[in-house]
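Following: one structure in structure tokens, then a few remarks.
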Amino acid sequence: MEITAETAAILLESIEQTSETFLITDQEGSVIYVNPAFEKVTGYSSAEILGKTPKILKSGEHPLEFYKEMWETILAGRKWSGRITNRRKNGTLYTDAVRISPVLGHDGKPRYFLVLRHDIARELQLEAQLNQSQKMESLGQLASHISHDFNNLLTIIIGSMELIEEDLKPGSVGARLTSEILRSSKESASLIKQLMVFARKHENNPVKTTLNDPLSELKILLDGLLGKNVSVTYSLDERLYLANIEPEHFKQAVMNLVINAKDAVNDSGGIMIKTYNAGPAGLPPSLPEGTYAVFEISDTGPGIPKEVLPSIFDPFFTTKPKGKGTGLGLSTVYGIVTQNKGHIFASNRPDGGAIFTVYFPAVK
Ligand SMILES: Nc1ncnc2c1ncn2[C@@H]1O[C@H](COP(=O)(O)OP(=O)(O)OP(=O)(O)O)[C@@H](O)[C@H]1O
Ligand SMILES: [Mg+2]
């Protein structure tokens, strides 16, 4: 096809206006063109990057061999594609699917390299959520096996100790030790019971209800629990869709989330509880299409560190000092939410503070 000055102008205008990013380098790798979309994604203006190499975007996330293999491929005149994590001007990282196509001269050697990227933030988020749900599934199975057998063993231990206790002289060393063993065994049994909630091995009798009702019932209890220095604000949507949930279990989940928030704000700060309707548009990508009644709790604490976020729902994961937390709170919440066909997400508010969002499918 003959390219006229007019088509060339149209091409340029399209490239300048598209939301896809374009970067072109010469054969040495010096940047000779970036389009406005590129400037927007990276934060670098074209003046800042022209004449430099794309190395200024280097994140340090890839080993040297990664770049070596890439260069070998494109210098040989072949296309390269893969995922690259780069660093924006403001220091934050982003990961893209990138394709580099050599533009060959008459001699068949690369003269320019055209770098196109594809935004995969959504895919990455989906992948992470899939990994998370697979992990929770296998942990759930493990917990289910262990808790079941362990619970049976504990029942035997507790039953036998109670019989032994009857035979012992009150106040004797044996009796004191027996009551200590009984106390520990019962504590273990209550731990196991919580684990069974996570493993979804317990009765669930859902009823059609609005989340606002169990939340209102909790209000008084929460005010007492939280003390003067922690304020709870409620914003409950009066036209909230109904959901099929077990109210008592939902309350237990909320309690666990509130206690975590209280710990996070270090006994002084704010907790926000919200309900609202969501969907069909604007849902997190991993949610099945539909409408949802949403419960959200956020706090003014420091938030959840990025490296901790993938583990918080794991049974026995805790960042609290020994003897303070068992790490079963959020795994219990996760068990309750999934057993009630809900979905839970944890993230941080832009201004700090953790935010937990729970979606329950709306029912008519
Ligand atoms: N609101 C929050 N803000 C910051 N970090 C949180 C918040 N909620 C939970 N976390 C983190 O998640 C971890 C796991 O929470 P989880 O409720 O499962 O266990 P725990 O609170 O440590 O112990 P337990 O609830 O068994 O007493 C916490 O140790 C904490 O690091
Ligand atoms: Mg907790």
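Every value quoted in this text rests on a predicted model; they were computed, and no experiment measured them. As the structure lists them, so they are numbered: ligands from 1, and atoms in each ligand from 1.
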Can Arg117 and Glu20 be counted as an ion pair, charged N to O under 4.0 angstrom? no

From Ile271, Val333, Ile304, Ile312 - option closest to atom 5 (N) of ligand 1 by heavy atom: Ile304

Check ion pair Arg87-Glu61 (N to O, under 4.0 angstrom): no

Here's a test for you: under side-chain hydrogen bond (donor to acceptor under 3.5 Å, both in side chains), which of Asp237, Thr210, Asn212 qualifies with Thr275? Asn212

Suppose we measure from atom 15 (O) of ligand 1 to each protein heavy atom; which comes out shortest, and what is that distance? Leu330 CD1, 3.6 Å

Nearest to atom 23 (O) of ligand 1, what protein heavy atom do you find, and at what distance? Gly327 N, 3.1 Å

Min side-chain heavy-atom separation Asn348-Ile355 under 4.5 Å: no

Taking only non-hydrogen atoms of Ala354 and a 4.0 Å limit, the atoms of ligand 1 in range are 1 (N), 2 (C), 3 (N)

Using a plain distance cutoff, I'd like to know if Ser331 has any nitrogen or oxygen under 3.5 Å from a nitrogen or oxygen of ligand 1. no

Got the closest protein heavy atom to atom 17 (O) of ligand 1, with its distance? Asn260 ND2, 2.8 Å

Step through the shown structure and confirm whether more than 12 heavy atoms of other residues, nucleotides or ligands are within 6.0 Å of CG on Leu64. no

May I ask you to say whether Arg83 pairs ionically with Asp96, meaning some side-chain N is under 4.0 Å from a carboxylate O? no

As a test of understanding, state which of Asn86, Thr92, Asn90 forms a side-chain hydrogen bond (donor to acceptor under 3.5 Å, both in side chains) with Arg88. Thr92

Less than 4.0 Å between a side-chain N and a carboxylate O, is that true for Lys186 and Glu162? yes

Would you sort out whether Ser188 and Ser185 count as a side-chain hydrogen bond (donor to acceptor under 3.5 Å, both in side chains), showing the intermediate values? CA-CA 5 Å; Ser188 310; Ser185 309; 5.8 Å; no

Tell me whether ligand 1 is touched by Leu328 - counting only heavy atoms on the residue side and a distance under 4.0 Å. yes

Among the heavy atoms of Gly303, does any lie under 4.0 Å from an atom of ligand 1? yes

Identify the protein heavy atom lying closest to atom 21 (O) of ligand 1, giving its residue, its atom name and the separation to 0.1 Å. Lys320 NZ, 2.6 Å

Any N/O/S atom, backbone or side chain, of Asn260 lying under 2.8 Å from the Mg ion (ligand 2)? yes

Please say whether Gly325 places an N or O atom under 3.5 Å from an N or O atom belonging to ligand 1. no

Quick test: of every protein heavy atom, which one is nearest to atom 1 (N) of ligand 1, and how far off is it to 0.1 Å? Asp299 OD2, 2.8 Å

Return yes when atom CZ of Arg349 has more than 12 non-hydrogen atoms of other residues, nucleotides or ligands closer than 6.0 Å, and no otherwise. yes

Run the numbers for me: atoms of ligand 1, each under 4.0 Å from some heavy atom of Ala264, listed by number. 1 (N), 2 (C), 3 (N)

Kindly state if atom 10 (N) of ligand 1 has a protein heavy atom within a strict 4.0 Å cut-off, that is, under 4.0 Å? no

So the atoms of ligand 1 within less than 4.0 Å of a heavy atom of Phe356 turn out to be 1 (N), 8 (N)

Atom 30 (C) of ligand 1 - nearest protein heavy atom and its distance: Thr319 OG1, 3.4 Å

For atom 14 (C) of ligand 1, what's the nearest protein heavy-atom neighbour? Residue, atom name and distance, please. Phe317 O, 3.4 Å

Check for me whether Lys219 meets the cation-pi criterion with Tyr234, that is, NZ or CZ under 6.0 Å from the six-membered ring centre and within 45 degrees of the ring axis. yes

If we only consider heavy atoms of Phe313, is any one of them less than 4.0 Å away from an atom in ligand 1? no

Considering only protein heavy atoms, which is closest to atom 26 (O) of ligand 1, and at what distance to one decimal place? Thr326 OG1, 2.4 Å

Note: Arg183-Glu187 ion pair, threshold 4.0 Å (strictly below): yes

